[in-house]
2 protein chains.
Amino acid sequence: MHIDKQSPIPIYFQIMEQLKTQIKNGELKADAPLPSEREYAEQFGISRMTVRQALSNLVNEGFLYRQKGRGTFVSKLKMEQPLQGLTSFTEDMRSRGMKPGSRLAEYQLIPATEELASILGCGYPSMLHKIIRVRLANDIPMALEASYIPFDMAGKLDASHFRSSMYEHIEEYNQMPISRAKQELEPGTASQEEAELLGIQPGAPVLYIKRTTYLQDGTAFEHVKSAYRGDRYTFVHYMDRVK
Amino acid sequence: MHIDKQSPIPIYFQIMEQLKTQIKNGELKADAPLPSEREYAEQFGISRMTVRQALSNLVNEGFLYRQKGRGTFVSKLKMEQPLQGLTSFTEDMRSRGMKPGSRLAEYQLIPATEELASILGCGYPSMLHKIIRVRLANDIPMALEASYIPFDMAGKLDASHFRSSMYEHIEEYNQMPISRAKQELEPGTASQEEAELLGIQPGAPVLYIKRTTYLQDGTAFEHVKSAYRGDRYTFVHYMDRVK
DNA sequence: CAGTGGTCTAGACCACGCG
DNA sequence: GCGTGGTCTAGACCACTGA
């Protein structure tokens, strides 16, 4: 393990990457104490504060934990964690080892309803992209999805946008990264129409997911209502205590 | 706004608390630029690094966001966020303005099944507390819940533990804070037995939630399988991009 | 007691945004 | 060019842990 002080890559970042690798490799075993912050600082010939920045980030991400007066240790978890976080349908399916796909069912530019304008925090007479798609996994229907995106935040859309990464387009168009989403999950039973589009029996269990996604400054840029097949989809996530 | 350098409360923490208050009050408005880190440092007569520690924490918690070369700004979100994170059923219901309750349906000390031993990462012949409860909100059944907790991680349990906060007991008993949980959510339809205990019709939508909860060092200490009434419960959460 | 992480200082240079 | 956040230094004192 060594660092390159001349590299344009920040030192704390180099340390983080190497420690993550060592944890994944098993070179650093779960519950094993790391060398102390002062040892790392001396070993690399850098300041202790720089070491702390690296370690603090890894603690926040759950790779390490600290104990006052004792030391810093490797966390047991995190080795097999998909580490999902906020993902698009496409990323979600890929991380499950399935081939994502999509069939456009409807596209329109519509005036915002009162409900959507309020959720999206946009002016009342504003226009929204309305995109309804059947989402596929390994060519089999997995979910039915209706997205609403303010025209102001995406500009004109065409078929190419529906195929490639919409999230990247949004980040570029607004010059601001995506940072958070609020989701609401509720069980239900498939309606006649949902059942037909998803290829299941009416009355079969479905998982309704409503998502509102926000840019870094807290502006909402999309609202999505979807219905996932209960027989093929389990929603998995990780939560942190307090914060 | 001012800080007390003599106080035993860390300076960065004092700054964090006051900024959060100002954001909630509306003294600091959404998208408004904060004074620069150097201004705060001079105003309080402290080092810039200390100011940065306070601001960085608030950025991680989603109250603020930074832009290189421009400044630090107040995030729009977060003002009304319940800021849930990992909570117990009791905390969850309280945050929804409902009175939580509980009815013990079954308690046993059982030998771990292979499945549970593997999930909990405990030795095969180990003993588990098995606790089945009907969870109430405003005295109406909300969920059916089966918890499995290794005896090693909780010691002997009696009625008082089922009434008070189990999580606090666990943290004290193990001398280690709870930090994370993995959850799996799946829709389903109520079985005959579930329907009776929950007071709903067989075949009505239910939300199955499986949770495994971990201490800071990554040791699993409980596995919970629950069934929530679909007509009275929506699961709400927030996700962060990347990480 | 020595070693650890937690907090803090008073500087420094950089790349970036904006006028 | 000037102010911003991003990174980094070389120290310091504290409270806590464990032998």
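Values reported hereafter were calculated over all heavy atoms of this structure, with side chains retained and with hydrogens, waters and symmetry mates removed. On a predicted model such as this, the values are computed, not experimentally measured, just so you know. Labels below follow one simple rule: chain letters A, B, ... track the order of the sequence lines, proteins then strands, and each chain is numbered from 1.
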Validation row: A/Thr213, A/Phe221 side chains within 4.5 angstrom (heavy atoms): yes
Mind checking whether A/Tyr167 and A/His169 have ring centres under 6.0 Å apart? no
With side chains defined as the heavy atoms from C-beta onward, is the minimum distance between B/Gln67 and B/Phe73 less than 4.5 Å? yes
Centroid-to-centroid, A/His129 to A/Phe151, below 6.0 Å? yes
5' precedence on DNA chain D between A/Arg38 and A/Pro10 (nearest-nucleotide basis): A/Pro10
Before accepting this row, confirm whether a basic side-chain N of the pair B/Lys20/B/Glu61 lies closer than 4.0 Å to the acidic partner's carboxylate O. yes
Hey, does A/Leu55 reach any base, or is it just sugar-phosphate, or nothing, if we go heavy atoms under 4.0 Å? nothing
On DNA chain C, compare the nucleotides closest to B/Thr50 and A/Ser36; which residue's is nearer the 5' end? A/Ser36
Could you tell me whether A/Glu39 contacts a base, only the sugar-phosphate backbone, or nothing, with contacts defined as non-hydrogen atoms closer than 4.0 Å? sugar-phosphate
In whole angstroms, how far is the P atom of C/dG3 from the CG atom of A/Leu34? 19 Å
Nucleotide range of DNA chain D contacted by chain B, 5' to 3', under 4.0 Å to a heavy atom? D/dG3 to D/dC8
When we call it a touch if two heavy atoms are under 4.0 Å apart, what does A/Ile11 touch: a base, just sugar-phosphate, or nothing? sugar-phosphate
Are any non-hydrogen side-chain atoms of A/Leu55 and A/Leu34 less than 4.5 angstrom apart? yes
Using the salt bridge (charged side-chain N to carboxylate O under 4.0 Å, His left out) criterion, which residues pair with B/Glu27? Sequence neighbours excluded. none
Protein-nucleotides 17-19 of chain C N/O pairs closer than 3.5 Å?
none

Flag, side chain of B/Thr219 to backbone of B/Leu215, donor-acceptor distance under 3.5 Å: no
